Amino acid sequence: MGKRANFGIERVEHLPGNIGYLDLRSFPRTAWAAESLAAAMTLVAHADALIIDLRENGGGHPATATLVESYLFDARTHAVDVWWREGDRTEQFWTQDAVPGARFGQGRPVWLLTSGRTFSGAEQFAYDLKNLKRATVVGETTGGGANPG
């Protein structure tokens, strides 16, 4: 099913004005999606700015969201902590030191498009990048499901 949905990657475009556009519909397991995400991020790596469309993204795995975040930073960065009620444990998520393909990096603007259908892992992704001052969030209030723990 992941292959049929292109691992959540609906569209990658180069818009006029050298703007990259990435429409992500989900964050599937990293082991399944990493290769396709690397290809998509490499295609937008040389744009002057990037729009990531999360308006139809129902979420997925936090580790995959953090993988995509890794392409937007120049160095390893602490993204978020998730507290799991069961077992009273906290899991830290950090961007990766190295990524396959080309990095977009930190020096150029990123906009995230959200809607009421943006949910779960997509909300975490938007939250992380907004709070790390790495992206500007534009759109509607999200669905309110970024609470895995």
Side-chain angles (χ1 to χ4, degrees), residues 1-80 82 91-149:
M1 193 161 98
K3 286 181 186 179
R4 295 183 122 197
N6 202 32
F7 302 107
I9 303 163
E10 182 68 21
R11 193 168 61 183
V12 182
E13 284 188 61
H14 182 257
L15 302 175
N18 198 29
I19 307 298
Y21 175 82
L22 179 59
D23 184 350
L24 291 178
R25 301 289 173 99
S26 67
F27 291 106
R29 292 191 185 279
T30 305
W32 303 338
E35 184 178 330
S36 294
L37 288 168
M41 293 307 295
T42 297
L43 287 172
V44 298
H46 304 293
D48 292 332
L50 179 60
I51 298 168
I52 302 176
D53 192 340
L54 303 171
R55 291 177 294 180
E56 298 292 330
N57 191 315
H61 293 268
T64 306
T66 307
L67 169 65
V68 177
E69 292 170 4
S70 298
Y71 285 90
L72 305 176
F73 290 92
D74 295 326
R76 187 170 189 257
T77 302
H78 179 242
V80 71
V82 176
E91 185 175 0
Q92 293 187 344
F93 290 89
W94 290 76
T95 63
Q96 297 180 3
D97 290 320
V99 293
R103 233 183 245 276
F104 184 79
Q106 269 179 265
R108 294 164 283 164
V110 175
W111 289 278
L112 305 176
L113 305 182
T114 63
S115 76
R117 291 177 301 279
T118 306
F119 202 72
S120 188
E123 290 175 294
Q124 175 209 319
F125 182 80
Y127 172 88
D128 294 351
L129 294 175
K130 177 185 174 191
N131 286 319
L132 291 168
K133 299 181 181 2
R134 182 59 194 98
T136 301
V137 178
V138 178
E140 300 171 354
T141 301
T142 61
N147 54 358

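Keep in mind the model is a prediction, meaning the values are calculated, not measured.
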Short question: side chain of [X], backbone of [Y] - any donor-acceptor pair under 3.5 Å?
X	Y	answer
Glu10	Arg25	no
Thr66	Trp94	no
Ser26	Gly58	no
Asn57	Gly59	yes
Thr95	Thr77	yes
Thr114	Glu140	yes

(message) Please evaluate residues Asp53 and Leu22 with respect to the criterion side-chain contact (heavy atoms from CB on, under 4.5 Å), reporting the C-alpha separation (whole Å), side-chain torsions for both, the decisive distance (0.1 Å), and the verdict.
(response) CA-CA 6 Å; Asp53 192 340; Leu22 179 59; over 6 Å; no
(message) Looking at Glu56 and Arg117, is any side-chain nitrogen of the basic one under 4.0 Å from a carboxylate oxygen of the acidic one?
(response)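 Here Arg117 pairs with Glu56 in a salt bridge, since their nearest N and O are under 4.0 Å apart.
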Could you work out, with side-chain hydrogen bond (donor to acceptor under 3.5 Å, both in side chains) as the rule, every residue matching [X], not counting sequence neighbours?
X	value
Asn18	His14, Asp48
Gln124	Asp128
Glu13	Arg11
Arg76	none

Which pair of heavy atoms, one from [X] and one from [Y], lies closest together, and at what distance?
X	Y	answer
Val99	Ser70	CG1-CB, 3.6 Å
Pro28	His61	C-CD2, 3.8 Å
Arg55	Tyr21	NH2-OH, 4.1 Å
Ala126	Leu112	CA-CD1, 3.6 Å
Glu69	Leu129	CG-CD2, 3.9 Å
Leu15	Ile51	CD1-CD1, 4.4 Å

(message) Quick one, Leu72 with Ile52, criterion side-chain contact (heavy atoms from CB on, under 4.5 Å). Give me CA distance, side-chain angles, the key distance, then yes/no.
(response) CA-CA 11 Å; Leu72 305 176; Ile52 302 176; 4.2 Å; yes
(message) Once ring-ring contact (aromatic ring centres under 6.0 Å, His included) is applied, what residue pairs with a partner in residues 114-137 remain, sequence neighbours excluded?
(response) Phe27-Phe125
(message) As an exercise, state the distance from OH of Tyr71 to CD of Gln96, rounded to the nearest 0.5 Å.
(response)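 Here the interatomic distance stands at 7.5 Å.
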(request) Please test Arg134 against Val110 for side-chain contact (heavy atoms from CB on, under 4.5 Å), starting from the C-alpha separation and ending with a verdict. (result) CA-CA 7 Å; Arg134 182 59 194 98; Val110 175; 3.5 Å; yes
Could you give the side-chain donor-acceptor pairs of residues 35-45 under 3.5 Å, partners two or more places apart or in another chain?
from, atom 1, to, atom 2, distance (Å)
Thr42, OG1, Ala38, O, 2.8
Thr42, OG1, Ala102, N, 3.0

